Structure formats: structure tokens, C-alpha cells
Amino acid sequence: MRYARQIALPNVGRDGQQKLRAAKVLMVGAGGLGCPALQYLAAAGVGTLGIVDGDHVELSNLHRQTLFTAGDIGRNKAEVAVERLHALNPDVKLVPYPEHLDGHNAARIAAGYDVVIDGTDDPMARYLINDLCVQLGIPFVHGSIHRFAGQVSVLNYQGGPTYRCLGPDQPAAGEFPDCAQAGVLGVLPGIIGTVQASEALKIILGIGTTLSGKLKVIDPLQWEERTIAFARNEEQVIKARASDLHTFMPEQNCDTGSSIDAAQLMEWLAEGQRIHLLDVRELHEEPAMDVPSVLRIPLGQLLGRLDELPAEGTLVVICQHGIRSKRAMDLLNKAGLPLRILNLEGGMAAFASSKHIA
Amino acid sequence: MNEPSTLKEHELICFGMIAEWAGGPRQQLTLPPGSRVADLRKAAQERWPQLADTTYQVAVDQRLATDDTELESAREIALLPPFAGG
């Protein structure tokens with residue numbers, strides 16, 4: 001009786017309901033995307049739902065993470081989600097993984113699942129999910145959001161393209177405005193998460209047309225929406241197959257690395273500390289730093305001009321907002337120079353305004 | 001250089017943070033004839049310098065493009081930033 005309205009659908013029927021009961025879906029992230037996706041998948045009678053999340057419920061989650069209540073604050077999300085979903089549908093086997101997905105646990109967790117849904121908020125984790133799914137031969141439903149907009153795609157499905165085919169260039173660490181939150185309207189992950197659940201159900205049932213080879217981008221604030229076609233790129237698939245999952249560390253993008261803030265830099269300069277400054281902005285960008293001996297090498301030329309850098313000491317890397325300089329710091333760290341490299345948080349914008357205040 | 005009269009105005013649709021920087025999803029960008037996606041990226045970055053810090057994709061007529069995709073017959077160009085949140 002529970003599934004009567006669903007079984008009544010001509011392309012679901014009793015056979016389809018049986019397929020749902022036999023299916024195992026792994027949800028990575030029980031957050032804004034995961035909560036609504038899980039609710040609909042559990043309600044639909046998907047046989048097994050695995051839930052991976054190492055985070056704890058916070059008050060600021062409740063405007064969009066609809067499985068949680070104020071009484072859950074401080075508890076692990078995967079464990080709370082399992083309780084709520086069990087109450088919703090006791091037929092479903094629920095498996096909590098109260099840990100962050102990383103290169104060490106990913107293959108153990110994902111083994112045996114038929115579909116993976118990506119509901120993480122960490123760009124690096126998306127590459128881990130991709131490479132994991134390519135290596136295990138599991139389709140996955142990608143979803144992500146920014147403020148009022150979001151995107152969905154079905155990847156690694158029936159010989160279709162993978163996440164790497166969509167964006168061969170991995171975004172640099174620190175490229176995103178803020179790991180914590182750029183702000184989001186609560187209903188937006190609800191829209192994207194339910195589209196992800198819908199794609200997962202279509203894959204399990206083998207019905208309709210999925211978003212394989214297509215990226216759905218929507219902006220419900222302006223009601224702009226596009227479906228972008230993209231092709232499988234064998235080079236990228238080979239890269240995913242060959243990728244060493246152990247190199248993916250959790251929350252890599254949130255790692256702020258070595259940085260100093262504007263006030264600290266002002267203090268060091270005032271004290272006459274011996275530090276080197278490297279400005280990686282384009283030469284025309286203003287305001288210029290009115291401190292003597294600032295080395296200016298635009299980011300694009302940096303790797304070709306490493307010999308101009310000091311041989312030792314502390315090097316503070318500067319740009320307009322502290323984002324390009326973070327990328328420069330990563331490049332310099334990779335180049336293995338015998339320097340202590342620090343990123344100026346907030347860049348010249350922060351430095352100039354703190355100077356005003358001082 | 002080309003005469004201004006030979007410049008072509010392209011219709012852009014921007015998503016996510018790019019739409020925020022540009023001040024709205026619908027934008028126009030004028031490019032010389034024969035321009036490719038790489039030229040568009042340069043021109044877009046001049047107008048919105050934040051793009052220098054962003055790994056974004058370009059789609060031409062709802063198809064993901066590469067840097068050498070020609071824009072001559074493009075009806076619409078989409079700028080797609082990566083979305084981070086979940």
C-alpha cells in the first residue's frame with residue numbers, strides 16, 4: 001500500500017518497485033543536497049541507503065538541511081539521518097558512515113553500491129568521488145550549488161562522460177570564495193537534491209532520459225536555465241582510472257595552509273623584519289604596494305621566473321584578494337623552493353583597508 | 001586591427017559567481033570576427049578581472065567548448081563557474 005501511487009505508474013509497476021527494493025545507493029554528504037535526496041529515496045523504497053558524513057549538526061544548517069531538528073545540534077549527521085529515515089520508512093536498510101570520505105576509506109565504503117550521489121561541499125571530494133566511481137564502475141549523480149544557482153549531471157553512466165570530462169582543470173585550492181558558506185537560499189539545495197534523487201531513481205528503474213553527457217545549470221533567482229552537452233574525453237577517463245585515491249585528503253580545499261593576515265604583515269614591516277614580498281598581480285593592477293623591494297611577477301609568468309626569487313628566508317605572496325596568491329603559493333610549494341612561503345589573506349584589498357585603520 | 005564596424009556583439013549568459021560579478025546573467029561582449037573561445041576568455045577577463053582567479057567552462061550554443069572553438073556562428077555563449085557548495 002505504501003508504494004501504491006508509485007506502482008501505479010506504467011513505467012514503474014511491481015517490477016520497478018522490486019528494482020528499487022534491490023538497489024543500493026550511497027549518499028556522500030548528508031547536508032543541503034543529501035537531506036532532501038535521502039528523504040525521497042527512502043520514501044520511494046530504495047532497499048539500501050548508505051550515508052557518509054563526518055560533520056555534526058549545527059544551528060546554521062537547519063534552514064536547509066531538512067532532516068535535522070534543533071534537538072540534533074552537535075550530533076553526527078549520518079547517524080541522525082539514519083534515525084529520521086528509519087522512522088519514515090522502516091523497510092529501508094540504512095547504513096551510517098560517520099566519517100568524511102577520503103582517499104583511505106572511499107573504496108571500502110563504496111564497494112557494493114549501485115549508484116553514488118555526490119552531495120559534498122568540497123570540490124576536491126568531487127574528484128575523489130569521480131575517480132572512485134570510475135575505478136569501481138559505479139554511476140554517480142553530481143550536484144552542487146552556489147547561492148541561488150546550482151548544477152546537476154549524471155556521470156560515469158553507460159559509457160558516458162565523467163566529472164573530469166566536464167572540467168579537466170582541477171580548481172586550485174582556495175579558489176572558492178569560502179568553504180564554510182558563500183550563503184545559500186535554503187530551498188535551492190532542496191531543488192538540486194531532489195533532481196539528483198530523481199536521476200538516481202531513473203537510473204535504478206532504467207526509465208526516461210538521464211542527464212548523462214549533459215550538465216543542467218539552473219538559476220531559479222532569475223529563472224535562467226541551460227542544459228549543456230559535453231562529451232566523454234578518453235584522456236580524462238584514463239587519468240581517473242590511473243588516479244591514486246590515497247592522494248585525496250579530506251577537506252583539502254578548506255586547508256588554509258600557511259597564511260598571515262594584513263595586520264600581521266603591517267606589524268612585521270613596522271618592526272623591520274627581514275621578509276621578502278612577491279606581488280603576483282598583473283603589472284597594471286592597483287593599488288601598488290608602497291613598500292620598497294616588492295618583487296612583481298604576474299602569476300602566469302611565475303613558473304618561468306623562479307630564478308628571480310630570493311634563495312632563502314620568508315616570502316609573503318600577495319595579490320588583490322588573496323586567491324591568486326594562494327594558487328601561487330601552491331605552485332611555489334610544489335616547486336620545492338627552500339623558502340617559507342606565506343599567503344597574505346585578503347590580499348591588497350585587506351592590506352590597504354587595514355592601513356587606513358592603522 | 002579590424003574596423004569597429006566588423007566587430008561582432010555576442011550574447012552571453014553567466015551563471016553563479018560570474019553572474020554576480022557581471023551584475024546579472026545576461027551580458028554582451030564585442031569581439032573581432034574570427035574570434036575563438038580563447039579570445040573571449042581574454043576579453044571577458046579584461047572586463048571582469050575576477051575571472052583571472054577562476055577555473056570556468058565556456059559553452060557555445062549549449063555545448064561545452066574548448067579554447068579553439070570558433071565563435072563566428074555562435075548564437076549564445078555561456079560562462080559556467082564551478083559550483084562548490086552542497
Side-chain angles (χ1 to χ4, degrees), chain A residues 28-29 31-34 118-123 125-126 143-151 165-167 169-172 174-179 181-182 184 188-189 192-193 214-215 217-219 221-222 224 226-231 253 281-282 285 299-300 319-321 323-324 326-327, chain B residues 10-29 36-71 73-86:
Chain A
V28 184
L33 298 169
D118 153 24
T120 68
D121 57 3
D122 173 4
R126 302 216 148 88
S144 60
I145 53 171
H146 175 76
R147 293 197 169 149
F148 293 100
Q151 63 181 33
C165 306
L166 182 57
D169 303 323
Q170 287 199 28
E175 185 174 311
F176 295 93
D178 182 0
C179 272
Q181 279 308 321
V184 62
L188 198 270
I192 299 293
K214 283 173 272 184
L215 178 72
V217 192
I218 68 166
D219 172 358
L221 184 65
Q222 308 290 349
E224 297 289 1
R226 291 293 180 275
T227 307
I228 309 292
F230 66 104
N253 190 59
R281 294 176 299 167
E282 300 298 314
E285 283 182 83
L299 178 59
C319 70
Q320 201 70 356
H321 295 106
I323 297 171
R324 261 175 290 169
K326 176 86 163 86
R327 201 185 294 185
Chain B
H10 289 279
E11 297 296 322
L12 300 189
I13 180 156
C14 307
F15 284 94
M17 9 181 193
I18 301 179
E20 290 166 26
W21 297 330
R26 304 271 181 164
Q27 302 292 330
Q28 278 89 33
L29 200 62
R36 292 167 189 262
V37 167
D39 305 307
L40 167 95
R41 283 180 181 272
K42 256 183 236 156
Q45 189 177 316
E46 264 170 44
R47 185 137 142 217
W48 304 299
Q50 297 97 321
L51 289 176
D53 296 330
T54 310
T55 309
Y56 65 100
Q57 302 292 330
V58 177
V60 175
D61 295 334
Q62 308 213 32
R63 187 157 267 287
L64 208 63
T66 57
D67 277 355
D68 55 6
T69 302
E70 290 180 13
L71 299 175
S73 58
R75 287 183 305 278
E76 181 188 76
I77 300 165
L79 304 188
L80 311 162
F83 291 93

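All of these numbers come straight from a predicted model, not from anything done at the bench. Every heavy atom of this structure was used, including side-chain atoms; hydrogens, water molecules and symmetry mates were not. In what follows, chains carry the letters A, B, and so on, assigned in the order in which the sequence lines appear, proteins first and then strands, with residues in each chain numbered from 1.
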Among the listed options A:Val217, A:Thr120, A:Leu33, the residue most often paired with chain B at heavy-atom distances under 4.5 Å:
A:Val217
Checked A:Gly300, A:Gly193, A:Ala231, A:Gly150 vs chain B; the most non-hydrogen pairs under 4.5 Å come from A:Gly150
Turns out that what part of B:Gln50 lies under 4.5 Å from chain A's heavy atoms comes down to neither
Between atom CG of B:Leu64 and atom NZ of A:Lys214, what is the distance when rounded to the nearest 0.5 Å?
14.5 Å
Check A:Arg226 against B:Ile13 and note the closest heavy-atom contact, atom names and distance.
NH2-CD1, 3.5 Å
Less than 4.5 Å to any heavy atom of chain B: does that hold for the side chain of A:Gln222, its backbone, both, or neither?
side chain
CG-NZ distance between B:Asp53 and A:Lys326, expressed to the nearest 0.5 angstrom
13.0 Å
CD of A:Gln151 to CZ of B:Phe15: how many Å apart, nearest 0.5 Å?
10.0 Å
Residue from A:Ala149, A:Ser144, A:Gly143 scoring the most non-hydrogen pairs under 4.5 Å with chain B is A:Ser144
Can you see which heavy atom on B:Thr55 is nearest to which on A:Arg327, and at what distance?
OG1-NH2, 4.4 Å
Just wondering, more than 12 heavy atoms not from B:Arg47 lying within 6.0 Å of its CZ?
yes
What part of B:Pro81 gets within 4.5 angstrom of chain A, counting heavy atoms only: side chain, backbone, both, or neither?
backbone
Report yes or no: does A:Arg324 contribute a side-chain atom to a donor-acceptor pair with the main-chain N or O of B:Ala52 at less than 3.5 Å?
no
